[in-house]
Amino acid sequence: MNGFFDIPSDLDNTYFGLIGLHLREALLPVLAGLLAALPIAQLCVRFRWLYPPVLGLTTVFYAIPSLAVFVVLIDYTGQTELTVMIPLAVYSLVVLVPAIVDGVRSVPEETLAASTAMGFGPVRRYLQVQLPIAVPAILAGLRVAVSASISLVSVGALIGNQGALGNLLADAQKYGRPELAVNSVLTTAVLAVLCDAALVLVRNLLTPWMPRGKAGRRPKQAAARPEPEEAATR
């Protein structure tokens, strides 16, 4: 473990400072993508003809390598965090729009009719009825977006020390210190797992009606298994 947490001075940061920087560069774009995806998804739900072209456009953009987008943005945003965060926000948008659309469309028609009968307008119905019911689908999309964003931040190391923990990969090669590369990979993986676990916890808190793993299947198993006395009489 000697030197494992010894961060090179050229990074001007500590180990925990790099973790904070990595989380900021990864999670702020996801938040921006979510805020942009909510109204776009609502438009796609309201105007069904809009969804196919939006889905096609976002799919094409998602196929573009992040490094190519960084190269294009450098002329406008320079070698800054913004150059890394803009593509990550768009990638998050690409993941979240289909997740939100599918979740909102899964709301039963009778639920929508009941909310309309209660006087809910389109915006209020979207915020207070459709989105809460679509929480499981939205959080599933968020889990994908967060994990992808945490891993892609490291690519920023190629444009001038903007990769947070990914900068350790460059320094591992520069200084011949493979433990820095191991540190970068392991810490990034741990951050992704912890963030995913946090989102699962949020989902469980927001959707108490959903079954929880094996606990949700126990009633069915109990119903299928005959009681000892009943089995003895058969």
Side-chain angles (χ1 to χ4, degrees), residues 11-13 16-44 54-104 131 134-135 137-170 184-185 187-203 206:
L11 297 183
D12 294 325
N13 222 323
F16 291 104
L18 288 176
I19 290 178
L21 177 62
H22 200 99
L23 289 175
R24 184 175 75 226
E25 290 188 7
L27 299 183
L28 287 181
V30 175
L31 177 60
L34 176 62
L35 294 178
L38 289 173
I40 293 176
Q42 171 62 2
L43 289 175
C44 291
V54 168
L55 184 61
L57 180 63
T58 55
T59 301
V60 169
F61 191 90
Y62 197 77
I64 301 175
S66 58
L67 185 58
V69 182
F70 292 162
V71 171
V72 172
L73 288 176
I74 283 179
D75 291 338
Y76 304 96
T77 56
Q79 295 181 349
T80 63
E81 291 181 22
L82 194 60
T83 304
V84 178
M85 295 169 74
I86 289 176
L88 295 183
V90 177
Y91 289 148
S92 298
L93 175 70
V94 170
V95 172
L96 290 171
V97 167
I100 298 174
V101 170
D102 291 342
V104 171
L131 284 183
V135 162
I138 295 174
L139 282 173
L142 274 175
R143 292 175 66 186
V144 175
V146 167
S147 298
S149 187
I150 288 176
S151 65
L152 287 173
V153 165
S154 297
V155 183
L158 300 176
I159 62 169
N161 281 354
Q162 297 301 329
L165 290 169
N167 295 335
L168 295 176
L169 296 172
S184 174
V185 173
T187 305
T188 302
V190 169
L191 288 180
V193 171
L194 291 177
C195 289
D196 187 71
L199 288 173
V200 171
L201 178 61
V202 170
R203 183 198 63 189
L206 294 179

For residues 85-94, tabulate all N or O donor-acceptor pairs below 3.5 Å that involve a side-chain atom, not counting sequence neighbours.
from, atom 1, to, atom 2, distance (Å)
Tyr91, OH, Ile64, O, 2.7
Tyr91, OH, Ser66, N, 3.3
Ser92, OG, Leu88, O, 2.9

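- Leu139 places a side-chain heavy atom less than 4.5 Å from the side chain of Leu142.
- The side-chain contact (heavy atoms from CB on, under 4.5 Å) test applied to Ile74 returns Thr83, Ile159, not counting sequence neighbours.
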* Hey, mind stepping through Leu27 and Leu31 against side chain to side chain contact (heavy atoms under 4.5 Å, CB included) and telling me if it holds? -> CA-CA 6 Å; Leu27 299 183; Leu31 177 60; over 6 Å; no
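- The salt bridge (Lys or Arg N to Asp or Glu O under 4.0 Å) analysis of residues 191-202, with sequence neighbours excluded, yields the pairs Arg143-Asp196.
- Remark: Thr188 OG1 to Leu169 CG distance equals 7.5 Å, nearest 0.5 Å.
- Applying the side-chain contact (heavy atoms from CB on, under 4.5 Å) rule to Leu38 yields the partners Leu34, Ile100, Tyr126, Leu131; only residues at least two apart in sequence or on another chain are considered.
- By the side-chain contact (heavy atoms from CB on, under 4.5 Å) test, Leu55 pairs with Tyr51, Thr58, Thr59, Pro98, sequence neighbours left out.
- The closest side-chain heavy-atom distance from Leu165 to Val153 is not below 4.5 Å.
- How far NE2 of His22 is from CG of Asn167: 10.0 Å, rounded to the nearest 0.5 Å.
- Remark: side-chain polar atoms of Ser151 are paired, donor with acceptor, to backbone N or O of Ala148 under 3.5 angstrom.
- Between Ser184 and Leu168, the shortest heavy-atom contact is CB-CB, 3.8 Å.
- Going from atom CG of Leu194 over to atom CG of Leu199 covers 11.0 Å, rounded to the nearest 0.5 Å.
- Here CG of Leu35 is found 10.0 Å from CG of Leu96. Values are rounded to the nearest 0.5 Å.
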